[in-house]
Structures are given as C-alpha cells and as structure tokens.
Amino acid sequence: MRIAHLSDLHFGRDVPGRAAALQVELHALAPDLVVLSGDLTQRARRAEFTAVAEFIARLPAPVLAVPGNHDLPGWRPLLRFIDPWGRWRAGLDRALEPELAGAGFIAVGINTARRWGPHPDWSRGRVNRAQLARIERLVAEVEPGAVRILVAHHPFLLSTELRRRGLVGRARRTLVGLRRARIDLILGGHLHRGYAGVAEGVVVAQAGTAISTRCKGEPNAFNWIRADEGRIHVEMRSWDGAGFASAAYWCFGRAEAGWRVLAESG
Ligand SMILES: [Fe+2]
Ligand SMILES: [Fe+2]
C-alpha cells in the first residue's frame with residue numbers, strides 16, 4: 001500500500017501556492033491513503049478550517065486526519081475549555097479519532113492534543129489508557145498480514161538533534177501496548193522535522209511541515225511511504241524551489257524481534 005503522510009499544514013500560515021503544488025504532486029503519485037497528522041490550522045479559526053476542508057476535498061485518496069495542538073482555539077481561553085473541538089467539528093465534520101480499513105491495511109487515528117496539562121507547556125500531548133484500549137480492540141479484528149498504522153500528532157520517537165524535546169505523554173507505556181498489538185507503523189508530526197526510525201520494534205515516521213512558513217531549518221516536506229507485510233519504505237520528499245523531490249530515504253524490514261532499519265540515506 002502507498003501512503004502520502006502530510007503533517008502540520010497550518011492553514012493560515014501556509015506558503016501561497018504551496019498547497020496547490022502539493023495537490024499536483026499527490027495526484028501524480030496516486031496514493032491509497034492520505035494521512036494528515038495534525039496541526040491542520042494555525043489558530044483554529046473558522047476560515048482556516050474552511051481552507052482545510054477545501055484542501056481535503058481535492059485530495060486523490062481516502063483521508064485520515066487527526067488534530068494537533070494548533071487545532072484547539074488557543075487564543076480563546078473560554079472556548080478552549082468549554083468547547084475545545086467545536087471549531088474542528090463545525091469546520092471539518094470529521095471524527096477526532098477516526099479509523100479506516102482498506103485492502104491490506106488498517107489505520108487508526110488518536111487525538112493526543114489536550115486543552116490543558118499540569119505543566120506550563122500546553123502544546124504537549126498525551127495518550128491515555130482508553131485510547132490504547134481502542135487501538136488494541138480495532139487492530140485485533142484485522143486479517144493477519146495487514147499493515148497496522150497508528151496516526152498521532154505528538155511524537156513517539158525523537159531524532160538525536162531533537163532529543164531535548166518531549167515525547168508524547170505516556171509514550172513508553174503506550175509503545176509497549178502498541179508492540180503487543182502488533183502495530184507496524186506510527187505516523188506523527190508536531191516538531192516540523194522529517195525523520196524515521198524504530199521505537200520498541202515499531203517504525204516511526206515523522207513528517208515536517210508540508211506547506212507552512214513555520215519551517216524549523218528544513219524546507220516544506222512530506223513522507224511518501226510504501227508498506228507491505230515485510231518491508232516499509234519511507235521517502236521524505238522536500239520542496240526544492242520548483243516541486244517536491246526525494247531528499248531522504250529509509251527502509252525497514254520485519255524481523256522476529258520487531259521492525260529494524262535495513263537502509264537509510266540522505
Ligand atoms: Fe505544528
Ligand atoms: Fe503541534
């Protein structure tokens with residue numbers, strides 16, 4: 001199966017024309033699934049959600065989208081507490097925690113963004129026990145050999161460069177459960193940096209910001225992923241001034257003890 005993994009679109013802070021260029025690229029690639037791993041908007045404004053809905057309507061494949069911390073009305077404290085996801089529901093008419101099964105795969109989305117936390121940084125995310133239980137229940141029903149995908153905005157793996165940043169809350173305990181549930185691949189964002197690796201035997205692919213001006217030292221990028229029972233290929237495609245081109249590549253193979261890196265370049 002072939003997945004276009006886009007993250008951190010941040011409509012409201014998108015580069016003019018970049019979304020249209022991305023659509024052209026995606027239509028040429030013809031994925032089986034498009035994943036949007038959160039921060040679809042910059043400030044959860046109505047007009048931003050309208051732009052997201054128009055973008056989704058033009059995508060060439062079924063879409064699985066989860067929210068990020070920017071999809072909460074951060075600057076409207078009352079709204080944030082009383083109706084944190086009202087803007088998402090009204091603007092997108094999509095589940096906050098969707099699931100999608102297709103030929104040879106199941107993809108499960110969880111909402112890791114929280115309206116507040118017992119720490120000063122409310123942008124941090126978390127996975128709770130009920131969310132893990134739902135993932136376990138959903139993947140238990142799929143046929144053996146199907147690729148099992150989890151989509152969450154906040155990261156389960158940090159690159160060496162980003163080691164000082166936080167993982168999603170309860171990452172380690174959740175990873176043990178995900179491994180037990182035989183999840184193959186986790187797709188995330190939030191850090192606006194693209195990289196891939198293995199955590200607890202599970203492949204983790206992080207995407208940069210696909211179309212926004214909020215680049216953290218990297219151009220706009222998304223991940224082009226091909227996966228089957230035994231191999232997962234992650235290609236980071238970055239903006240080169242004229243289009244999205246291959247900038248880095250990872251290949252993972254399934255082994256007895258979980259997934260492992262077979263090759264990487266870029
Ligand atoms: Fe973001
Ligand atoms: Fe984020």
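Scope of the values below: all heavy atoms of this structure, side chains included, with no hydrogens, waters or symmetry mates. Atoms within a ligand are numbered from 1 in the order they appear, just like the ligands themselves. Nothing here was measured: the structure is a model prediction, and the numbers come from that model.
A distance of 13.0 Å separates CG in Leu29 from CD1 in Ile3, rounded to the nearest 0.5 Å. Atom CZ of residue Phe156 and atom CD of residue Gln206 lie 9.5 Å apart, to the nearest 0.5 angstrom. The CZ atom of Arg13 sits 3.5 Å away from the OG1 atom of Thr213 when rounded to the nearest 0.5 Å.
Ion pairing of Arg87 with Glu48 is absent here, as no side-chain N (NZ or NE/NH1/NH2) approaches a carboxylate O to less than 4.0 Å.
Looking only at N/O/S atoms, Asp39 comes nearest to the Fe ion (ligand 2) through OD2. Nearest to the Fe ion (ligand 2), among the N, O or S atoms that His190 has, is ND1. The atom of His10 nearest to the Fe ion (ligand 1) is NE2, with the search restricted to N, O or S atoms. Of all N/O/S atoms in His192, NE2 sits nearest the Fe ion (ligand 1).
At least one N/O/S atom of His153, whether from backbone or side chain, sits less than 2.8 Å from the Fe ion (ligand 2). Not a single N/O/S atom of Asp8, whether from backbone or side chain, sits less than 2.8 Å from the Fe ion (ligand 2). Counting backbone and side-chain atoms alike, Ser123 contributes no N/O/S atom closer than 2.8 Å to the Fe ion (ligand 2).
Exactly one residue among Gln42, His153, Arg43, His190 makes a side chain to side chain contact (heavy atoms under 4.5 Å, CB included) with His70. That residue is Gln42.
Looking at Asp184 and Trp259, their side chains do bring a donor and an acceptor atom within 3.5 Å of each other.
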